[in-house]
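For reference, the structure discussed in these notes is given below.
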Amino acid sequence: MNNFLTVGIEKNPVNRNYRQLMKKFIEETAVEIFDFNQYELNVKVEPNDLVLDLGCSLGYFYFKNSHKNITYIGVDGSIDCLKDFYENLNTDNKPILINSFITDNKKIYDCKPFFHDAPSKEVVSISFADLIKLLNKKIDFLKFDIEGAEMDFFDNESNYKLLKQNVKKFCGEFHLFNQFHTRQKINEVLKKLSVDPELDLKIYSVNAVDITNSYFNSGDYYSEIIISSKVNNNI
């Protein structure tokens, strides 16, 4: 286990109740979500929220919040992850799961599993705009971890407008080593978010340290960060 994860566990005791709900999980991811609470440091899932989880993986975020009577829609490009998610469920669990790749480009993608020793599998894409149309309801909490595709709805002005009109709170990973965007371009987008008067953006390291005031002076130190905000025109 990485040193920063070990330190984090000492500061943030394991919530065993959440972990015991999952039959299958990856330890490092469980530490980030259950112990560091990395997606709910600034904004939180409230009872009865509609939660859209992009990159839902094996269901960590669902099980962390399922006791709150949430309506949960999880999307993941890996059918192998969703298979494990289904195996974690019991008869009381009612998430809605979608096997799709999030991107504005409508086509069939060859999806290579991140967490499984398995061959690539074809998966259909779905755009953020189409997800908004499909839900046809305000999203109380948007969580995302989609390996760089987050730029599709923060860099694209049409998608960014849709997000601010339809999402009340959001939190997710920004991947700073991105094959389609330079770090300079990603930082330009993050700077735009940081000065947007409709947001109250916070930036965290993956081990839950608030780096809002230091991130833009950190050079290339971070490979991934967590961003989080309320959308003030929806409060």
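From a predicted model like this one, the values you see are computed outputs, not experimental measurements.
Classified by interplanar angle (parallel below 30°, tilted 30° to 60°, perpendicular above 60°), the ring pair Phe61/Phe141 is tilted. Ring-plane geometry between Tyr62 and Phe85 is classed as tilted, the angle between the planes lying from 30 to 60 degrees on a 0 to 90 degree scale.
Using a 4.0 Å cut-off between a side-chain N of Lys or Arg and a carboxylate O of Asp or Glu, Lys143 and Asp53 qualify as a salt bridge.
Judged as a salt bridge (Lys or Arg N to Asp or Glu O under 4.0 Å), and not counting sequence neighbours, the contacts of Lys106 are Asp130. Residues satisfying the ring pair (Phe, Tyr, Trp, His ring centres under 6.0 Å) criterion with Phe101, sequence neighbours excluded, are Tyr109. Residues that satisfy the side chain to side chain contact (heavy atoms under 4.5 Å, CB included) test with Asp80, not counting sequence neighbours, are Ser78, Pro113, His116, Ala118, Lys121. The ring pair (Phe, Tyr, Trp, His ring centres under 6.0 Å) search around Phe170 returns Phe154, not counting sequence neighbours. Shown here are the salt bridge (Lys or Arg N to Asp or Glu O under 4.0 Å) partners of Asp210, two or more places apart in sequence or in another chain: there are none. Evaluation of the ring pair (Phe, Tyr, Trp, His ring centres under 6.0 Å) rule for Phe128 yields Phe153 as partners, not counting sequence neighbours. Lys24 meets the side-chain hydrogen bond (donor to acceptor under 3.5 Å, both in side chains) test with Asp84, Glu87; sequence neighbours excluded. Remark: Ala30 engages Arg19, Phe25, Phe34, Tyr60 in a side chain to side chain contact (heavy atoms under 4.5 Å, CB included) (not counting sequence neighbours). Taking the side chain to side chain contact (heavy atoms under 4.5 Å, CB included) definition, one finds that Asn156 meets it with Asp104, Ser158, Asn159, sequence neighbours left out. Under the rule for a side chain to side chain contact (heavy atoms under 4.5 Å, CB included), Asn217 has no partner lying at least two apart in sequence or in another chain.
No side-chain heavy atom of Lys202 sits less than 4.5 Å from a side-chain heavy atom of Leu41. The side-chain heavy atoms of Asp152 and Ile146, taken from C-beta on, include no pair separated by under 4.5 Å. Taking 4.5 Å as the limit, every side-chain heavy atom of Leu97 sits out of range of all side-chain heavy atoms of Asp76. Side-chain contact check for Glu46 versus Lys168: every heavy-atom pair is 4.5 Å or farther apart. Contact check for Val123 versus Ile79: no side-chain heavy atoms found under the 4.5 Å cut-off. Using a 4.5 Å heavy-atom cutoff, the side chains of Tyr72 and Lys94 are not in contact. With contacts defined as side-chain heavy-atom distances shorter than 4.5 Å, the pair Leu199/Val231 qualifies. Considering only heavy atoms from C-beta on, Cys171 comes within 4.5 Å of Ile226 through its side chain.
How far NE2 of His67 is from CG of Asn65: 6.5 Å, rounded to the nearest 0.5 Å. To the nearest 0.5 Å, atoms CG (Leu131) and CD1 (Ile139) are separated by 7.5 Å. Here the CG-CD distance, from Asn37 to Glu40, works out to 5.5 Å after rounding to the nearest 0.5 Å. Taken to the nearest 0.5 Å, the NZ atom of Lys191 stands 10.5 Å off from the CG atom of Leu201. Going from atom CG of Leu21 over to atom CG of Asn90 covers 8.0 Å, rounded to the nearest 0.5 Å. The CD1 atom of Ile96 sits 12.0 Å away from the SG atom of Cys56 when rounded to the nearest 0.5 Å.
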Task: Residue pair Leu52, Val75: steps toward the side-chain contact (heavy atoms from CB on, under 4.5 Å) verdict - done: CA-CA 8 Å; Leu52 176 60; Val75 184; 4.2 Å; yes
- [ ] Check step by step if side-chain contact (heavy atoms from CB on, under 4.5 Å) holds for Glu157 and Lys192.
- [x] CA-CA 11 Å; Glu157 286 304 317; Lys192 175 187 74 174; 3.0 Å; yes
Open item on the list: Set out, in order, the CA-CA distance, both residues' side-chain angles and the distance that settles side-chain contact (heavy atoms from CB on, under 4.5 Å) for Tyr39 and Val45, then state yes or no.
Closed with: CA-CA 9 Å; Tyr39 293 117; Val45 174; over 6 Å; no
TODO: Please test Ile203 against Ser214 for side-chain contact (heavy atoms from CB on, under 4.5 Å), starting from the C-alpha separation and ending with a verdict.
DONE: CA-CA 9 Å; Ile203 303 175; Ser214 62; over 6 Å; no
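In the displayed structure, Lys68 atom NZ is contacted under 6.0 Å by more than 12 heavy atoms of other residues, nucleotides or ligands. For Lys23, the NZ atom counts as densely surrounded, since its 6.0 Å shell holds more than 12 non-hydrogen atoms of other residues, nucleotides or ligands.
Put simply, the side chain of Gln38 gets close to the backbone of Val206: a donor and an acceptor are under 3.5 Å apart. A donor-acceptor contact shorter than 3.5 Å links the side chain of Asn166 to the backbone of Leu162. Between the side chain of Ser100 and the backbone N or O of Ile126 there is at least one donor-acceptor pair closer than 3.5 Å. A donor-acceptor pair is defined here as one N or O able to donate and one able to accept, closer than 3.5 Å; no such pair exists between the side chain of Glu147 and the backbone of His175.
Residues Tyr86 and Ile70 share a single hydrophobic cluster, defined by chaining ILVMFWY side chains whose heavy atoms lie under 4.5 Å apart. By the criterion of side-chain heavy atoms lying less than 4.5 angstrom apart, applied directly or through intervening Ile, Leu, Val, Met, Phe, Trp or Tyr residues, Phe177 is not grouped with Ile186; the two fall into different hydrophobic clusters. A chain of hydrophobic side-chain contacts below 4.5 Å, direct or via other Ile, Leu, Val, Met, Phe, Trp or Tyr residues, connects Leu50 to Leu134.
Across all their heavy atoms, Asp200 and Asn42 have their closest contact at O-ND2, 4.0 Å. Considering every non-hydrogen atom in both Ile225 and Leu176, the closest pair reads CG2-CD1, 4.1 Å. Closest of all the heavy-atom pairs between Lys169 and Lys44 is NZ-O, 2.8 Å. Shown here for Asn105 and Ser125, the closest heavy-atom pair between the two residues is O-OG, 2.9 Å. Taking every heavy atom of both residues into account, Asn178 and Gly148 meet most closely at ND2-O, 3.2 Å. Nearest approach of Ser223 to Arg183, heavy atoms of both residues: CA-NH2, 4.3 Å.
Pairs of residues two or more places apart, or lying in two chains, never qualify as ring pair (Phe, Tyr, Trp, His ring centres under 6.0 Å) while including a residue from residues 213-233.
No hydrogens or angles considered: a donor-acceptor pair under 3.5 Å links the side chains of Tyr160 and Asp196.
Taking a 4.5 Å side-chain heavy-atom cut-off between Ile, Leu, Val, Met, Phe, Trp and Tyr, the cluster of Ile108 extends to Val124.
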